[in-house]
Amino acid sequence: NTIGISLYTLLIGFPIPIIFALLLNYLRLKHLKKTLQMVSYAPYFISTVVICGMIAIFMDKNTGIFNQIIVALGGEAQDFLSKPQYFKSIYVWSGVWQGMGYSSIIYISALSGVDPALHEAAIMDGATKVQRILHIDLPGIKSTIIMLLILQMGSLMNVGFEKVFLLQNDLNMSASDVINTYVYRVGLVQNNYSYSTAVGLFNSVINMALVIAANQLSKKLANGKRIQELKLLDRMLGYAHEFSLFSGLQKELQKNYGLQISQEQKDNIVNIKGVFGIFEANSNGDNTLIAFCLKRTIKKGQIIMCRSLLK
């Protein structure tokens with residue numbers, strides 16, 4: 001039950017705040033945008049006890065609003081909280097409603113840091129809003145998404161005790177009994193403190209292992225993408241060689257490209273965010289680009305890729 005509810009919450013509750021933040025980011029009516037933000041933030045500040053009371057009222061078999069709608073549409077009233085098959089959905093979707101707006105705050109702030117010039121260029125090129133989301137917004141907040149995913153993986157085995165305990169009853173026990181309620185029942189009700197402590201420690205060890213695993217996976221994905229970029233640059237430039245940016249630059253360009261860099265030409269090396277060009281003044285006094293290089297930092301050092309522009 002713990003794993004099922006946690007995975008359900010992760011699959012549904014994690015992407016929805018991202019989608020909500022993206023939708024708000026493209027909403028141009030400021031008053032409507034601020035109203036939606038305020039309405040979506042409000043449920044987060046309602047206590048868990050009140051939320052569970054609201055759920056019980058809304059899903060009451062006789063007077064609940066959900067059952068009234070079902071009966072009005074010709075269906076049969078259901079006692080949702082007494083049926084185990086509905087418990088996970090009730091728990092997860094009520095949690096999404098409560099925390100969606102508050103969880104989207106950090107994504108909204110991350111989206112505000114995306115360079116507007118990228119959107120302007122994309123609009124000039126005829127990109128749709130979906131294409132701008134996929135190729136500008138999501139890559140821009142990717143690091144934030146990965147960080148929050150790692151943090152959420154650390155609490156994967158910690159299903160909220162209060163909410164489960166308040167919604168739990170004898171009829172839905174088969175679906176609602178999680179590790180935290182089990183520890184409470186064994187430790188405080190049955191007075192088996194040593195066993196409940198061992199279960200809690202085991203749960204903490206699993207959470208720590210999940211955090212470490214998620215962190216390592218994110219590193220591997222980042223390194224894999226970096227290797228793909230290096231291979232692409234290698235195909236573009238035709239040559240890749242590992243050497244230090246300053247100490248070996250003159251020697252390697254002389255050896256592999258026949259380029260002589262004098263002391264005066266060293267001042268004409270322009271470096272812009274890892275991409276640099278080597279210029280040489282011709283007889284007319286104009287600067288001519290004689291080599292085009294890219295620098296990428298990898299785990300074992302730096303890779304410099306150069307293409308001579310001389311015939």
Side-chain angles (χ1 to χ4, degrees), residues 1-21 23-24 32-105 107 152 155-191 196 199-200 203:
N1 289 334
T2 302
I3 295 174
I5 293 175
S6 297
L7 291 178
Y8 194 175
T9 303
L10 183 65
L11 292 176
I12 300 298
F14 185 76
I16 285 182
I18 301 174
I19 297 171
F20 182 68
L23 293 176
L24 284 179
L32 179 60
K33 182 177 181 179
K34 291 188 177 298
T35 301
L36 287 175
Q37 284 180 308
M38 183 184 66
V39 171
S40 64
Y41 296 164
Y44 181 80
F45 299 100
I46 302 175
S47 69
T48 305
V49 176
V50 176
I51 289 289
C52 293
M54 293 170 63
I55 293 172
I57 293 172
F58 293 158
M59 295 189 174
D60 185 83
K61 186 175 181 180
N62 299 317
T63 60
I65 185 173
F66 290 107
N67 277 310
Q68 289 182 5
I69 294 173
I70 292 173
V71 172
L73 295 175
E76 184 179 351
Q78 302 284 334
D79 191 1
F80 293 104
L81 291 177
S82 66
K83 296 188 176 181
Q85 63 267 30
Y86 295 134
F87 181 83
K88 290 183 175 66
S89 296
I90 292 172
Y91 179 90
V92 171
W93 286 102
S94 61
V96 169
W97 169 73
Q98 184 180 11
M100 175 184 68
Y102 188 81
S103 299
S104 67
I105 292 176
Y107 298 114
Q152 190 157 342
S155 59
L156 192 64
M157 298 294 289
N158 282 337
V159 178
F161 168 78
E162 289 183 3
K163 190 175 179 181
V164 173
F165 186 73
L166 292 170
L167 294 176
Q168 192 177 77
N169 55 53
D170 292 336
L171 297 175
N172 64 20
M173 182 67 74
S174 61
S176 63
D177 194 21
V178 296
I179 291 178
N180 288 335
T181 56
Y182 178 71
V183 169
Y184 164 78
R185 192 169 62 254
V186 171
L188 296 181
V189 177
Q190 300 177 6
N191 297 323
S196 62
V199 173
N203 196 24

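When reading the values below, keep in mind they use all heavy atoms of this one structure, side chains included, and skip hydrogens, waters and symmetry mates. Everything numeric in this text was worked out from a predicted model, so none of it was measured.
Shown here is Ile70, whose CD1 atom has more than 12 heavy atoms of other residues, nucleotides or ligands within 6.0 Å. Counted within 6.0 Å of CG on Asp170, heavy atoms from surrounding residues, nucleotides or ligands total 12 or fewer; the atom is thus considered open. The 12-atom threshold is not exceeded at CD of Glu162, counting heavy atoms of other residues, nucleotides or ligands nearer than 6.0 Å. Heavy-atom neighbours of Gln85 CD from other residues, nucleotides or ligands within 6.0 Å: above the threshold of 12.
Thr2 contributes a side-chain N or O that, together with a main-chain N or O of Ile179, makes up a donor-acceptor pair within less than 3.5 Å. Within the 3.5 Å criterion, the main-chain N or O of Tyr91 finds a donor-acceptor partner in the side chain of Ser94. Asn172 places a side-chain N or O within 3.5 Å of a backbone atom of Asn169 that can act as its donor or acceptor partner.
Under the 4.5 Å side-chain criterion, counting only non-hydrogen atoms from C-beta, Lys88 is in contact with Asn1. Using a 4.5 Å heavy-atom threshold, the side chains of Ile55 and Leu167 count as touching. Counting heavy atoms from C-beta on, the side chains of Phe161 and Val183 never come closer than 4.5 Å. Annotation: side chain of Thr181 is not in contact with side chain of Val159 (no heavy-atom distance under 4.5 Å).
The two atoms that bring Tyr41 and Gly101 nearest to each other are CE2-O, 3.0 Å, heavy atoms only.
Side-chain contact annotation: Ser89 with Tyr8, donor-acceptor N/O pair under 3.5 Å present. Residues Ser82 and Lys61 bring no donor and acceptor atom of their side chains to less than 3.5 Å of each other.
The aromatic rings of Phe165 and Tyr184 stand perpendicular to each other, their planes meeting at an angle above 60°, with 30° marking the opposite boundary.
Ile51 contributes atom CD1, which lies 12.0 Å from atom OH of Tyr44 (distance to the nearest 0.5 angstrom). Atoms SG and CD, from Cys52 and Gln168 in turn, are 11.5 Å apart once rounded to the nearest 0.5 Å. To the nearest 0.5 Å, atoms OH (Tyr86) and CE (Met59) are separated by 10.5 Å. For the atom pair CZ (Phe45) and CD (Gln98), the distance works out to 10.5 Å, reported to the nearest 0.5 Å. To the nearest 0.5 Å, atom CG of residue Leu36 and atom CG of residue Leu23 are 10.0 Å apart. Atom CD1 of Ile90 is separated from atom NZ of Lys163 by 10.0 Å, given to the nearest 0.5 angstrom.
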Stepwise, does the side-chain contact (heavy atoms from CB on, under 4.5 Å) test hold for Val186 with Val199? CA-CA 10 Å; Val186 171; Val199 173; over 6 Å; no
Stepwise side-chain contact (heavy atoms from CB on, under 4.5 Å) test for Asn203 and Asn180: CA-CA 9 Å; Asn203 196 24; Asn180 288 335; 4.2 Å; yes
Take Leu24 and Tyr107, measure what side-chain contact (heavy atoms from CB on, under 4.5 Å) needs, and give me the verdict at the end. CA-CA 10 Å; Leu24 284 179; Tyr107 298 114; over 6 Å; no
Derivation of the side-chain contact (heavy atoms from CB on, under 4.5 Å) call for Val49 and Leu166: CA-CA 7 Å; Val49 176; Leu166 292 170; 3.9 Å; yes
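Partner of Ile69 under the side chain to side chain contact (heavy atoms under 4.5 Å, CB included) criterion, out of Ile65, Asn67, Val71: Ile65 alone.
Under the side chain to side chain donor-acceptor pair (under 3.5 Å) criterion, Ser104 pairs with no residue, sequence neighbours left out.
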